[in-house]
Amino acid sequence: MIEPFVRHTGAVAALPRADVDTDQIIPKQFLKRVERTGFGPALFSDWRFRPDGSLNPEFELNQPEAEGATILLTGANFGCGSSREHAVWALREYGFRAILAPSFADIFYANCCQNGVLAVRLRPEEIAEVLRRHAAAGGDYRLSIDLETQRVADGRGFAAAFPIEAYRKEMLLHGLDEIGRTLLEEERIAAFERGTRNVERGTEGRISVPRSDFRVPRLGEGS
Amino acid sequence: MTPRTLFEKVWDAHVVHRFPEGPALLYVDLHLVHEVTSPQAFAGLRQAGRRVRRPELTVATVDHNVPTGDRALPIEDAVAARQLDALAENARDFGVELFDLQSPNQGIVHVIGPELGLTQPGMVIVCGDSHTSTHGAFGALALGIGTSEVEHVLATQCLVWSKPRTMEARVTGAPLPGVTAKDLILALIGRIGTAGATGHVIEYTGDAIRALSMEQRMTVCNMSIEAGARAGMIGPDDTTFAYLAGRPRAPTGAAWTHAVEAWQELRTDPGAAYDSRVTLDAAGVAPQVTWGTSPGMVTDITGSVPDPADFPSEDERRAAARALEYMGLAPGTSLAGLPIDRVFLGSCTNARIEDLRAAARVVRGRRVAAGVRALVVPGSQQVRAQAEREGLDRVFREAGFEWRNAGCSMCLGMNADILKSGERCASTSNRNFEGRQGRGGRTHLMSPPMAAAAAVAGRLVDVREWAWEREGELAAS
Ligand code: SF4
């Protein structure tokens with residue numbers, strides 16, 4: 001079960017950088033845990049903390065006005081690089097429910113959805129506008145995000161619509177168990193596995209790839 | 001029948017179901033598993049009382065977190081050891097084959113899949129690792145997934161995925177001597193940017209791609225993710241079949257003949273349309289070196305560090321300025337001649353046997369420069385054994401390189417192999433992100449011959465000039 005996301009209003013923290021990769025979001029030294037929890041304190045670790053372990057006062061999320069923020073406002077291609085879902089676990093545990101950016105890396109976007117974190121794509125000029133408003137508000141800037149109507153608004157004149165695929169929207173709104181949902185298609189999966197498309201039986205006009213009786217042979221078996 | 005691309009053929013052959021809300025349920029032929037992104041997925045299965053649907057289509061190895069020193073010694077890092085133990089226990093409980101630290105087949109997951117012949121054309125292959133794109137070199141649709149998706153695939157053998165767009169990257173002409181597949185892909189990323197192929201699957205075409213060996217094709221497909229693409233593909237051909245023939249897990253006998261017939265269909269039909277296209281003239285590519293903190297921040301070794309002020313957008317100016325500060329570089333500095341402290345020959349991009357051979361050719365009879373620490377970490381124990389049969393380990397050792405056991409090692413620095421803050425490294429890996437190889441470490445990505453030459457020179461050099469007396473040999477690499 002993922003945590004549902006229907007609507008959310010919260011304080012905004014800005015990290016106006018492009019291409020923030022998942023190595024920054026959660027550095028590799030924290031990837032040794034076998035749980036899904038415990039990553040929040042390590043979020044942006046190399047940026048948040050100085051080498052001696054003290055807080056880096058210059059980092060955006062360490063500004064007093066970023067405290068308690070639940071919405072992260074950032075640059076293009078957020079979450080690029082490594083597929084580590086730990087990045088989303090860290091963001092969620094730190095307190096973020098939604099991330100607004102002009103674009104996201106594909107794997108990261110999918111990982112967000114799996115964890116009830118809403119990745120909101122706005123147009124670059126809309127992100128720029130929100131950044132301006134955030135800066136002008138001097139630390140007191142909140143946004144409301146409504147997934148049902150697919151709208152973001154600040155209650156002070158800014159409003160924008162965002163796209164999301166119907167499947168992901170459903171999943172987030174209802175906090176679906178995706179595996180459970182897929183298993184409802186058991187018949188279809190089994191039928192596919194019985195498959196007509198395998199090399200031994202051949203097919204007409206379709207691509208044949210080893211399929212239903214394809215099995216990874218144990219070492220030495222093949223030769 | 002409408003002409004289809006290679007990607008569309010593989011996609012169509014694997015659609016189990018189309019959800020009315022958009023995405024497809026795609027069947028997975030091979031699921032590769034490693035220790036870092038799988039423990040939470042197995043825990044999820046346990047919690048829900050689920051099993052692995054097709055354990056025989058699932059193969060696990062340990063790579064990210066493993067020590068590359070003496071395998072007889074116990075693992076010092078207790079947390080890392082716990083993660084390795086967790087995978088062993090999960091593999092045992094769920095009936096999944098595991099190549100552990102003691103296995104002669106252990107190695108980086110993207111090196112051992114092809115090497116064992118597990119990776120085959122036309123398959124859908126997934127792994128909880130973004131460089132799964134490597135396997136696309138065989139005409140497979142291979143992509144990295146997150147841990148929740150790993151759990152989903154374990155439980156259902158299917159992946160939910162919305163059909164991506166397609167991009168053709170056509171590379172024509174013949175690269176000059178000293179220019180490798182790594183340079184081609186770096187040049188391409190430099191051109192389209194690190195998000196240039198987001199939402200797309202890239203198909204690499206053109207005579208320059210056809211002329212590449214399988215190992216070089218893997219280098220190219222490996223870095224598709226660095227251009228934002230979740231997968232990169234190359235249509236299988238005789239080069240592919242020759243590589244696969246006789247591999248331990250490849251089909252044999254009649255099954256092999258049938259398989260090759262089927263695989264021959266896996267090519268883009270004439271007239272099939274891609275959503276976008278990009279072209280690159282291989283003859284115009286020089287050896288590439290990154291100067292910044294993303295693989296797109298790359299230029300010719302004959303070039304110099306750019307001035308952030310020259311970038312067109314505010315975002316790029318800011319990113320370039322940050323990168324230069326992190327890298328400790330001033331605008332206008334020429335890249336050739338930049339002193340380095342460390343050299344890393346390794347990773348799923350460039351630690352296969354051909355890579356080691358190419359680097360050894362440069363190194364043979366020479367010495368690593370004083371003050372430089374250089375590391376060779378073969379991609380797999382098989383690669384290591386092969387290199388030792390060929391005497392390459394001696395070449396490296398005599399030159400002053402450390403010769404290690406297989407693993408990801410300093411590509412991501414999860415084990416003890418890391419850069420110290422401020423150290424500059426010539427690396428054959430795929431990511432030069434801030435802190436990737438160790439906090440404060442400065443990574444310059446390049447090809448194996450370039451990294452090998454840097455080790456000997458103690459600074460970045462243009463391998464074409466530097467090894468001019470060996471040009472014939474370089475051309476053969
Ligand atoms: S070698 Fe590097 S890029 Fe490849 S799988 Fe390992 S950590 Fe990832």
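The figures that follow rest on heavy atoms only: side chains count, while hydrogens, waters and symmetry mates do not. Chain naming here is simple, since letters A, B, ... match the order of the sequence lines and numbering starts at 1 in each.
Proximity to chain A (any heavy atom under 4.5 Å) is shown, for Ala319(B), by neither the backbone nor the side chain. Within the 4.5 angstrom heavy-atom criterion, no atom of Tyr109(A) approaches chain B. Looking at Asp77(B), the atoms closer than 4.5 Å to chain A (heavy atoms on both sides) all sit in the side chain, from C-beta outward. With a 4.5 angstrom heavy-atom cutoff, Phe19(B) touches chain A only via side-chain atoms. For Arg33(A), the part lying near chain B is the backbone, with the side chain staying farther off; criterion is any non-hydrogen pair under 4.5 Å. For Glu314(B), no part sits under 4.5 Å from any heavy atom of chain A, backbone or side chain.
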- Message: Test side chain to side chain donor-acceptor pair (under 3.5 Å) on Ser148(B) and Glu85(A); report intermediate values, then the result.
- Response: CA-CA 8 Å; Ser148(B) 296; Glu85(A) 197 164 315; 2.4 Å; yes
- Item | Stepwise side chain to side chain contact (heavy atoms under 4.5 Å, CB included) check, Ile179(A) with Thr156(B) | CA-CA 7 Å; Ile179(A) 296 176; Thr156(B) 69; 4.1 Å; yes
- Message: For a side chain to side chain contact (heavy atoms under 4.5 Å, CB included) check, start with the C-alpha distance between His152(B) and Arg181(A), then their side-chain angles and the critical distance, and finish with the verdict.
- Response: CA-CA 10 Å; His152(B) 187 277; Arg181(A) 182 186 169 136; over 6 Å; no
- Any chance you could lay out the side chain to side chain contact (heavy atoms under 4.5 Å, CB included) test for Leu412(B) and Arg84(A), step after step, and finish with the verdict? CA-CA 12 Å; Leu412(B) 90 164; Arg84(A) 57 187 74 163; 4.2 Å; yes
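Of all the listed residues (Asp19(A), Asn115(A), Asn111(A), Ile107(A)), the one sharing the greatest number of non-hydrogen pairs under 4.5 Å with chain B is Ile107(A). For the set Pro164(B), Gly22(B), Ser162(B), the count of heavy-atom pairs under 4.5 angstrom toward chain A peaks at Ser162(B). Interface summary for chain B: among Gln114(A), Gln24(A), Lys28(A), Arg188(A), the most heavy-atom pairs under 4.5 angstrom belong to Lys28(A). When Asn65(B), Leu143(B), Ile225(B) are compared by the number of non-hydrogen pairs under 4.5 Å with chain A, Asn65(B) comes out ahead. Between chain B and the options Glu165(A), Gln29(A), His86(A), the largest number of non-hydrogen pairs under 4.5 Å is found for Glu165(A). Taking chain B as the reference chain and counting heavy-atom pairs below 4.5 Å, the highest number among Gly81(A), Cys80(A), Gly180(A) is found for Gly81(A). Of the listed residues Phe30(A), Phe104(A), Trp47(A), the one with more heavy-atom pairs under 4.5 angstrom with chain B than any other is Trp47(A). Contact count versus chain B (heavy atoms, under 4.5 Å) is highest, among Asn77(A), Asp106(A), Ile2(A), for Asp106(A). Of the listed residues Thr293(B), Asp129(B), Thr37(B), Asp315(B), the one with more heavy-atom pairs under 4.5 angstrom with chain A than any other is Asp129(B). Annotation: maximal heavy-atom pairing with chain A below 4.5 Å, among Glu316(B), Glu226(B), Arg322(B), Gln157(B), occurs at Arg322(B).
Pro27(A) is not listed as a side-chain neighbour of Arg439(B), based on a closest heavy-atom distance of 4.5 Å or more. Annotation: side chain of Arg318(B) is not in contact with side chain of Arg17(A) (no heavy-atom distance under 4.5 Å). Residues Glu21(B) and Met171(A) are not in side-chain contact: their nearest non-hydrogen atoms beyond the backbone lie 4.5 Å or more apart. Side-chain atoms of Glu434(B) and Asp21(A), non-hydrogen and from C-beta on, never get closer than 4.5 Å to each other. Residues Cys158(B) and Ile189(A) have side chains in contact (heavy-atom distance under 4.5 Å, counting atoms from C-beta outward). The shortest side-chain heavy-atom distance between Trp89(A) and Thr147(B) falls under the 4.5 Å cut-off. Counting heavy atoms from C-beta outward, Val160(B) and Glu178(A) have side chains that approach closer than 4.5 Å.
The environment of Arg50(A) atom CZ is dense: over 12 non-hydrogen atoms of other residues, nucleotides or ligands sit within 6.0 angstrom. In this structure, Glu35(A) places its CD atom where more than 12 heavy-atom neighbours from other residues, nucleotides or ligands lie under 6.0 Å away. Counting heavy atoms of neighbouring residues, nucleotides and ligands inside a 6.0 Å radius, atom CD of Glu58(A) does not exceed 12 of them.
Here the CZ-OG distance, from Arg436(B) to Ser82(A), works out to 6.5 Å after rounding to the nearest 0.5 Å. Rounded to the nearest 0.5 angstrom, Lys32(A) NZ and Met414(B) CE are separated by 5.5 Å. Here the CZ atom belonging to Phe108(A) is positioned 13.5 Å from the OG1 atom belonging to Thr198(B), to the nearest 0.5 angstrom.
In this structure, Ala86(B) and Val34(A) approach most closely via the heavy-atom pair CB-CG1, 4.1 Å. What you find for Ser130(B) and Ser83(A) is that their closest heavy atoms are N-OG, 3.5 Å.
Salt-bridge annotation for Glu193(A) and Arg54(B): present, with a side-chain N of the basic residue lying under 4.0 Å from a carboxylate O of the acidic one. Here Arg36(A) pairs with Glu151(B) in a salt bridge; the nearest charged N to carboxylate O distance falls below 4.0 Å. Residues Arg50(B) and Asp177(A) are paired through a salt bridge, judged by an N-O separation under 4.0 Å between the basic side chain and the carboxylate. Between Arg18(B) and Glu185(A) there is no salt bridge, since no side-chain nitrogen of the basic residue lies less than 4.0 Å from a carboxylate oxygen of the acidic one.
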